[in-house]
Amino acid sequence: MTDTTQPQHPDRNLALELVRVTEAGALAASRLVGRGDKEAADQAAVDAMRHMLSSVEMDGVVVIGEGEKDEAPMLYNGEEIGNGRPPRVDIAVDPLEGTTLTAKGMPSALSVIALAERGTMFDPGPCVYMEKLAGGADIADLLDLDVGIDEVIAKVAERRGIPTGDVTVVVLDRPRHEEGIAAIRDAGARVRLISDGDVSAALLAVSERTPVDLLWGIGGTPEGVIAAAAIKCIGGQLVGRLWPRDDAERQAAIDAGYDLDRQLTVDDLVRSDDCFFSATGVTDGDVLQGVRYVGGGRATTESLVMRSRSGTVRRISATHDRAKLRNIAGVRFG
């Protein structure tokens, strides 16, 4: 007999349930790739993911979602999802990371979700942005936001036994990063600019055999939490510090008890040692291949699904019959 009074932890089967969710989001968004309408692409991914999530056996609460209930009709912060049965979990979701990338037909758009035990995911409160620095497991102890990025680069080059000219740092292409980009180049390192998608970029920075050594810069705090879940699974480190946009946001964060000087690690952003992450490519990128239509009403997807407790990392390629999916789910999947 099962003792239902004991806490129930997420089951390993959830990993494969979650990949169904991100596949659905990616397939739905893919039919709008290159069509110039990022809102429609995002909504398509949201609708498909939410439909799939309703069937997953879990008592889930969205802690990182599409905003407040009044601002987003689907997958809003605080929404309860799943079929209501244990385990009780936190959900962080970005149905379409890279809405602009999708609208413009550019690389590296993803559909992503992360899951952890209830109460273990960091609540960013009023702070929308976070300064971030991420890299692989072998350089995790070198990541420090209190020293200049040029000094970090020098230490990484020394640790890896390479010239600083071989160090590549991926950075969001934003005006706020101009001084940091200049410092990276002055140190002799390379800059790889991206227009959007720093969850994908964080994965690139911590993965083996990639051309990127570090992720640096100020990006979304929600994306930082999602990336932290992925990094707990795949290995590496991300350090982050909340970055208020103005004095009002700064004061709101202080009033809410946030320490704005503190460097947060992946263990602060996701406190559980048993978390899951799934991502499916929408457009082709360095991390994942995007959705491709192969004739006969079929489409292919590539996904990355991981669990921190076991350290298992699966790369899943799938072929989908779009007509059958529509008949089963009643949602258009491309």
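In this structure A318 satisfies the side chain to side chain contact (heavy atoms under 4.5 Å, CB included) test together with E23, T301, H320, sequence neighbours excluded. Take Q251 and apply the side chain to side chain contact (heavy atoms under 4.5 Å, CB included) test, not counting sequence neighbours, and it matches I254, D255. In terms of the side chain to side chain contact (heavy atoms under 4.5 Å, CB included) criterion, residue partners of R262 (sequence neighbours excluded) are, by chain and number, D259, L264, D268. Residues that satisfy the side chain to side chain contact (heavy atoms under 4.5 Å, CB included) test with D196, not counting sequence neighbours, are T100, L101, R174.
Transitive grouping of hydrophobic side chains (ILVMFWY, heavy atoms separated by less than 4.5 Å) keeps I64 and L115 in distinct clusters.
With respect to R315 and E302, a salt bridge is recorded, a charged nitrogen being found less than 4.0 Å from a carboxylate O. In summary, R298 and D321 do not engage in a salt bridge, as defined by a charged side-chain N under 4.0 Å from a carboxylate O. At a threshold of 4.0 Å, the pair D284-R292 counts as salt-bridged, since one of the basic side-chain nitrogens sits closer than that to a carboxylate oxygen. Checked for salt-bridge contact, E117 and R271 miss the test: no charged N lies under 4.0 Å from a carboxylate O. Residues D273 and R309 are not paired through a salt bridge, judged by the lack of any N-O separation under 4.0 Å between the basic side chain and the carboxylate.
Applying the side chain to side chain contact (heavy atoms under 4.5 Å, CB included) test between F276 and each of L14, V89, V19 identifies L14 as the sole match.
Note on residues 226-241: pairs passing side chain to side chain donor-acceptor pair (under 3.5 Å), not counting sequence neighbours, are D146-R241, K232-D267. Applying the ring-ring contact (aromatic ring centres under 6.0 Å, His included) rule to pairs touching residues 177-221 yields H177-W216, sequence neighbours excluded.
Checked by atom type, the side-chain pair S111/T280 shows no donor-acceptor distance below 3.5 Å. Between the side chains of S30 and Y293, a donor-acceptor pair is found at a separation under 3.5 Å.
Residue R20 places its CZ atom among more than 12 non-hydrogen atoms of other residues, nucleotides or ligands, all under 6.0 Å distant.
Annotation for L172 and G197: closest pair CD2-N, 4.4 Å, computed over non-hydrogen atoms.
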